[in-house]
Amino acid sequence: MNKPPRHIGVILAAGRGERSGFDRPKQMMKLAGRPLVEHTLAVFQDSADIDQIIVVTNKDCQEQIQQLTANRRFSKVKAVILGGSERYQSSLAAIAATEHLARDYAVKLIFHDAVRPLVNERIIADVAQALRHYNACDVVVPTTDTIVSVDPLTNTIDFIPDRSRLRNGQTPQGFALETVKLAYERALRDPDFKTTDDCGVVLKYVPDEKIYLVTGEHDNLKLTYREELQILDKLLQMKSRQATHQPINPQVFAELKHKVLVVFGGGSGIGLDMVNLAQAHQAHVVVATRGTGVDVTDLTAVKLCLANTVAEFGRIDYVVNTAAVLTCEPLANMDYADVVRSVQINYMGAVNVALAAFDYLRQSQGQLLNFTSSSYTYGRAFYSLYSSAKAAVVNLTQALAEEWHSEGVRVNCINPERTDTPMRKRAFGVEPAGTLMSSHDVALQSLNVLLGKVTGQIFDLRRPA
Ligand code: C5P
């Protein structure tokens, strides 16, 4: 009788990353407020092709990873085990830990580097599919650089292989358990054995086995050097941008029912559209504006508003801050009182809201949502205070996402392209039709972010092409 297949994701997170000059193992470096390994685990957890997950780690990371995976979010994680000082020893630990399953299942091991957090469900699905026909498979992308083979004695080129036949190897790498186990049994008897990946072991020690190639993605990048953390961060942002361009399934908004939402600056523009949409989905919404007696520059007023909300509704799930002012004037011409006011509203407002909201959001495991502007990446003449405060808001979002991650509070930021709001009209007058996003669309995408799981993200919203 054929045994049912069991796909086990093996997340290799036992490296110490000493070569790369990080202050902690690479898998624990933060990306958008969360350790790399958490991003990687999330993809495996959400993959329909993975039945269970094993994390292989080292003593330094074990406790943190155990705490992380104790969360229900990672229900597929069945074990966090210790690996070895070489990568292959970590793979061997996973093989040993899964052998007992072979009695009841056709076990397939899908090894993946914890430090490739941008792997996606498509790649995992293709690996699982390949394992229906092959006992080994690798994930690769075409090589874009010319690769040269070197004569190390003379440090000169030996030969240049034909690039059309070269690929860059990534992970995951998938195997039938018995195949990879046999390969390692033979390898360990070889006194000259050395390897950097599991496919290399199968290729050398079980040469009859064909290793099928699955196409990877260029952004399935492995973190090796510090600069790559910035690249991963940008790639992650681009991914969330793509995700926010997907049409929203209106059913997700059903989750807003009975949720408690406070919108600072909810009296006009994007904030008002969020208020209306959330109310239409039966959320309890509190509008906090100067009109309702709440000025974000006044910490006491912000605190009182949140305390009143809790007194009325018992909790606060989401705090949104859209309050801002945009004055178009050269800095040198501005009244000092206006300078202070602009910084107070655009920056201190975000700080005050964050300070006042933290305890409530910790209790509800909720989310703080800030708003920035596309000017944050590059200061704009004539609204220097607005654009620099918006840069600060992005920075604040990233920092708080890290600080509050362990408390279960998510912090994100919306970066809408130029949007048709009363604030923009006051500053720039009437602009050509079709050049602005509608604030309704921005509000829809923003509510969608509130209902999502991520933290530390800056969501760039653009008009659909
Ligand atoms: O060091 P390198 O970048 O090749 O590591 C690739 C992956 O293998 C990383 O996720 C790392 O944590 C893991 N690894 C491991 N055990 C080792 C060495 C590396 O699990 N001894």
Side-chain angles (χ1 to χ4, degrees), residues 10 12 15 17-21 26 40 86-92 108-120 122-176 179-180 182-232 234-235:
V10 177
L12 294 171
E18 283 140 350
R19 283 170 298 149
S20 318
K26 289 187 290 181
T40 310
E86 296 295 324
R87 187 182 184 282
Y88 80 86
Q89 292 170 329
S90 301
S91 301
L92 273 171
K108 319 273 182 185
L109 296 184
I110 299 182
F111 292 93
H112 185 67
D113 297 334
V115 292
R116 290 185 192 270
L118 300 188
V119 61
N120 59 41
R122 194 278 301 159
I123 296 176
I124 298 173
D126 286 358
V127 167
Q129 176 67 21
L131 289 174
R132 291 166 70 148
H133 308 287
Y134 295 86
N135 288 325
C137 69
D138 199 357
V139 169
V140 297
V141 288
T143 301
T144 50
D145 289 320
T146 294
I147 306 288
V148 301
S149 173
V150 173
D151 175 348
L153 287 178
T154 57
N155 191 36
T156 54
I157 293 182
D158 216 4
F159 70 101
I160 300 182
D162 172 6
R163 193 167 76 186
S164 68
R165 296 196 55 177
L166 295 181
R167 305 286 183 272
N168 284 7
Q170 306 185 330
T171 65
Q173 296 184 336
F175 306 96
T179 302
V180 69
L182 174 67
Y184 272 110
E185 276 164 10
R186 291 178 179 171
L188 292 176
R189 289 198 292 267
D190 176 358
D192 296 325
F193 168 60
K194 60 173 191 274
T195 184
T196 54
D197 76 327
D198 305 300
C199 276
V201 184
V202 171
L203 183 70
K204 180 156 184 199
Y205 297 101
V206 195
D208 292 342
E209 206 62 78
K210 288 273 175 242
I211 304 176
Y212 185 74
L213 296 181
V214 165
T215 306
E217 310 256 347
H218 285 289
D219 63 8
N220 181 21
L221 200 73
K222 183 172 86 162
L223 177 68
T224 304
Y225 301 109
R226 182 162 275 285
E227 314 79 86
E228 286 164 347
L229 207 51
Q230 312 284 329
I231 298 171
L232 283 170
K234 274 287 158 218
L235 289 170

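Annotation: the span from Ile231 atom CD1 to Leu221 atom CG amounts to 6.5 Å, rounded to 0.5 Å. Taken from NZ in Lys108 to CZ in Arg132, the straight-line distance is 9.5 Å, to the nearest 0.5 Å. Asp198 CG to Ile211 CD1: the interatomic distance, rounded to the nearest 0.5 Å, is 10.0 Å. Between atom CG of residue Leu182 and atom CG of residue Asn135 there is a gap of 10.5 Å, rounded to the nearest 0.5 Å. The CD atom of Glu86 lies 10.5 Å from the OG1 atom of Thr196; values are rounded to the nearest 0.5 Å. Taken to the nearest 0.5 Å, the CG atom of Asp219 stands 5.5 Å off from the CG atom of Leu235.
Side-chain contact check for Cys137 versus Leu213: every heavy-atom pair is 4.5 Å or farther apart. Side-chain contact between Ser91 and Val10 is absent, with no heavy atoms from C-beta onward closer than 4.5 Å. Looking only at side-chain heavy atoms (C-beta outward), Phe175 and Val202 come within less than 4.5 Å of each other. The shortest distance between side-chain heavy atoms of Ile160 and Thr146 falls below 4.5 Å. Side-chain contact between Glu217 and Asn120 is present, with heavy atoms from C-beta onward closer than 4.5 Å. Ile110 is listed as a side-chain neighbour of Leu131, based on a closest heavy-atom distance under 4.5 Å. Side-chain atoms of Leu118 and Leu232, non-hydrogen and from C-beta on, do get closer than 4.5 Å to each other. With a 4.5 Å cut-off on side-chain heavy atoms, Thr215 and Asp126 do not count as touching.
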Verify side chain to side chain contact (heavy atoms under 4.5 Å, CB included) between Leu92 and Arg87, making sure each step is shown before the conclusion.
CA-CA 9 Å; Leu92 273 171; Arg87 187 182 184 282; over 6 Å; no
Applying side chain to side chain contact (heavy atoms under 4.5 Å, CB included), run through Glu209 and Leu203 and close with a yes or a no.
CA-CA 7 Å; Glu209 206 62 78; Leu203 183 70; over 6 Å; no
Given Asp197 and Tyr88, is the side-chain hydrogen bond (donor to acceptor under 3.5 Å, both in side chains) satisfied, shown in steps?
CA-CA 7 Å; Asp197 76 327; Tyr88 80 86; over 6 Å; no
Just do the side-chain hydrogen bond (donor to acceptor under 3.5 Å, both in side chains) check on Asn168 and Thr143 with the steps written out, would you?
CA-CA 5 Å; Asn168 284 7; Thr143 301; 3.0 Å; yes
From CA spacing to verdict: side chain to side chain contact (heavy atoms under 4.5 Å, CB included), Gln173, Val139:
CA-CA 6 Å; Gln173 296 184 336; Val139 169; over 6 Å; no
Given the rule in the side chain to side chain contact (heavy atoms under 4.5 Å, CB included) test, do Val150 and Ile157 qualify, once you have shown the distances and angles that lead to the verdict?
CA-CA 5 Å; Val150 173; Ile157 293 182; 5.9 Å; no
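No salt bridge links Asp138 with Arg167; every basic N to acidic carboxylate O contact stays at or beyond 4.0 Å. Taking a cutoff of 4.0 Å between a charged side-chain nitrogen and a carboxylate oxygen, Asp145 and Arg163 do not qualify as a salt bridge. Under 4.0 Å is where a charged nitrogen must lie from a carboxylate oxygen, and between Asp113 and Arg116 at least one such pair does.
Listed here is the closest heavy atom pair of Val214 and Ala130: CG2-CB, 4.0 Å. Taking each heavy atom of Pro172 and Val119 in turn, the nearest pair found is CD-CG2, 3.9 Å.
Relative orientation of the Tyr134 and Tyr212 rings is parallel, given thresholds of 30° and 60° on the angle between their planes.
Side-chain atoms of Lys222 never come within 3.5 Å of backbone atoms of Val115 as a donor-acceptor pair (strictly under, hydrogens ignored).
At most 12 non-hydrogen atoms from other residues, nucleotides or ligands lie less than 6.0 angstrom from CG of Asn155.
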